[in-house]
There are 2 protein chains.
Amino acid sequence: MRYKQLSDKKENLTKHQEIVLELLEKANEPLKAYSILFNLSEHGVKAPLQVYRALDKLIELGKVHKIESKNSFVACINSNCKANSNTAFTICEQCDEVLEIHDKKIFKKLGDLANQGKSKLNKYNLELYITCKNCLK
Amino acid sequence: MRYKQLSDKKENLTKHQEIVLELLEKANEPLKAYSILFNLSEHGVKAPLQVYRALDKLIELGKVHKIESKNSFVACINSNCKANSNTAFTICEQCDEVLEIHDKKIFKKLGDLANQGKSKLNKYNLELYITCKNCLK
DNA sequence: CATTAAATGTTATAATATAACATATGTAAT
DNA sequence: ATTACATATGTTATATTATAACATTTAATG
Ligand SMILES: [Zn+2]
Ligand SMILES: [Zn+2]
Ligand SMILES: [Zn+2]
Ligand SMILES: [Zn+2]
């Protein structure tokens with residue numbers, strides 16, 4: 001197996017992958033690809049492709065998720081997401097806060113919705129637009 | 001109240017709205033906006049905006065849904081979707097078949113996932129990537 | 001018919017994402 | 001260390017998706 005260390009250890013992300021991930025972790029909110037690009041222009045990231053390639057890899061590693069309905073990206077805060085691309089988020093429509101849903105049974109729950117067991121669930125993408133508890137007050 | 005008939009009766013869609021909806025209903029699969037545009041160029045639809053405006057209205061009416069992760073649009077086959085923009089689909093990764101999920105309790109089920117009842121679910125977008133029962137064989 | 005909201009037409013442009021191809025770098029086998 | 005190979009980078013151009021801005025038209029209401 002090639003690139004064993006690069007694949008298995010998070011410390012061995014490439015430079016671009018690392019700074020994109022760091023930026024997303026600091027941001028604590030979804031960022032758009034071009035916003036990442038502008039933020040990192042001082043660090044040698046000069047073209048959209050450099051951002052998209054880093055994002056693709058980070059998504060593949062489960063370290064970043066894409067929020068499809070916002071064309072935005074967030075750092076994963078759930079160590080269980082390592083090897084897949086499932087995403088489940090709440091998004092407050094008032095304050096834009098985005099939180100990753102933690103629910104150990106979510107895969108089963110969503111699988112049940114799929115087709116009463118006749119089909120096989122591979123991956124899910126769930127976006128719940130809410131009014132968060134702070135904004136409800 | 002203005003435009004009462006236009007708002008309440010599906011027969012009173014505007015011309016563009018009607019032909020876009022008809023195309024989507026005939027297609028039986030998700031179509032992209034520009035594919036709709038090219039398909040309808042013979043019917044006087046000549047610019048992206050004309051498609052997007054019709055789609056926006058149809059989505060607002062619940063007659064069309066957007067599949068966010070595919071930037072595609074489908075006609076609603078569920079008469080219950082009238083007044084909102086909730087979407088729930090299965091998407092077969094092998095054959096690309098897209099089906100709208102019918103589940104009367106889905107709103108409650110997803111609401112439970114949101115935040116143990118501390119937040120208010122307004123709208124959901126669920127995309128389940130599956131291998132459908134035909135492709136499993 | 002005057003008022004108003006909604007819909008259309010049109011041109012331009014913004015925002016998001018990928019193609020294509022050349023070069024460089026890290027890993028493993030000989 | 002040389003070769004082979006996969007992955008990563010750099011760069012330019014282009015494709016795809018979506019909206020801004022503004023003028024004009026159409027349809028319902030009173
Ligand atoms: Zn995660
Ligand atoms: Zn909020
Ligand atoms: Zn529907
Ligand atoms: Zn299938």
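Chain letters run A, B, ... following the sequence lines, proteins first, then strands; residues in each count from 1. Being a predicted model, the structure only gives us computed values, none of them experimental.
Taking every side-chain heavy atom of B:Ala33 into account, D:dA18 is the closest of D:dT11, C:dT18, D:dA18. Here the side chain of B:Arg53 is nearest to one of D:dT11, C:dA7, D:dC22, namely D:dC22. Listed nucleotides: D:dT9, C:dT11, C:dA7. Nearest to the side chain of A:Thr14: D:dT9. When each of D:dT9, D:dT19, D:dT11 is scored by its nearest atom to the side-chain atoms of A:Ala47, the top-ranked nucleotide is D:dT11. Here the side chain of A:Leu49 is nearest to one of D:dG10, C:dA19, C:dG9, namely C:dA19.
Between A:Gly44 and A:Gln50, the shortest heavy-atom contact is O-OE1, 3.7 Å. Minimum heavy-atom separation, A:Pro30 to A:Val74: CA-CG1, 3.4 Å. Taking all atoms of both residues into account, the shortest heavy-atom contact from B:Lys15 to B:His43 is NZ-O, 3.6 Å. Nearest approach of A:Asn86 to A:Tyr124, heavy atoms of both residues: OD1-N, 2.8 Å. The nearest pair of heavy atoms linking B:Gly62 to B:His65 is O-CE1, 4.0 Å.
Classification of B:Asp112 and B:Lys105 as a salt-bridged pair fails, no side-chain N sitting under 4.0 Å from a carboxylate O.
Here D:dA27 presents its P atom at 15 Å from CG of B:Leu13, a figure rounded to the nearest Å. Straight-line distance from the CG atom of A:Leu31 to the P atom of C:dA15: 16 Å, rounded to whole Å. When rounded to the nearest whole Å, the span between CD of A:Gln50 and P of C:dA22 equals 18 Å. Here C:dG9 presents its P atom at 18 Å from OH of B:Tyr52, a figure rounded to the nearest Å. A straight line from NZ of B:Lys70 to C1' of D:dT16 spans 16 Å, rounded to a whole angstrom. Residue B:Ile59 contributes atom CD1, which lies 14 Å from atom C1' of D:dT19 at whole-angstrom precision. Between the CD atom of A:Gln17 and the P atom of C:dG26 there is a distance of 14 Å, rounded to whole Å. Separating the CD atom of B:Glu68 from the P atom of C:dT16 is a distance of 13 Å, rounded to the nearest angstrom.
Of the side-chain N and O atoms in B:Asn71, one or more sit less than 4.0 angstrom from OP1 or OP2 of D:dA18. For the OP1/OP2 pair of D:dT17 and a distance below 4.0 Å, the side-chain nitrogens and oxygens of B:Lys32 include at least one atom meeting the criterion. Residue B:Lys15 places none of its side-chain N or O atoms closer than 4.0 Å to OP1 or OP2 of C:dA7.
In this structure, B:Lys66 reaches the sugar-phosphate backbone alone: every heavy-atom distance under 4.0 Å involves primed, P, OP1 or OP2 atoms, never a base.
If you chain together hydrophobic residues whose side chains sit under 4.5 Å apart, A:Leu23 and A:Ile19 fall into the same group. B:Ile36 is connected to B:Tyr52 through a chain of hydrophobic side-chain contacts under 4.5 Å among Ile, Leu, Val, Met, Phe, Trp and Tyr, so both are in one cluster.
Within the helix from C:dC1-D:dG30 to C:dT30-D:dA1, the inter-axis angle between the opening and closing five-pair segments is 30°, rounded to 10°.
Place A:Lys57 and B:Asp56 on DNA chain D by their nearest nucleotides, and A:Lys57 ends up nearer the 5' end.
The aromatic ring of A:Tyr34 stacks onto the base of C:dT16, its centre lying under 5.5 Å from the centre of the six-membered base ring with the two planes under 30° apart.
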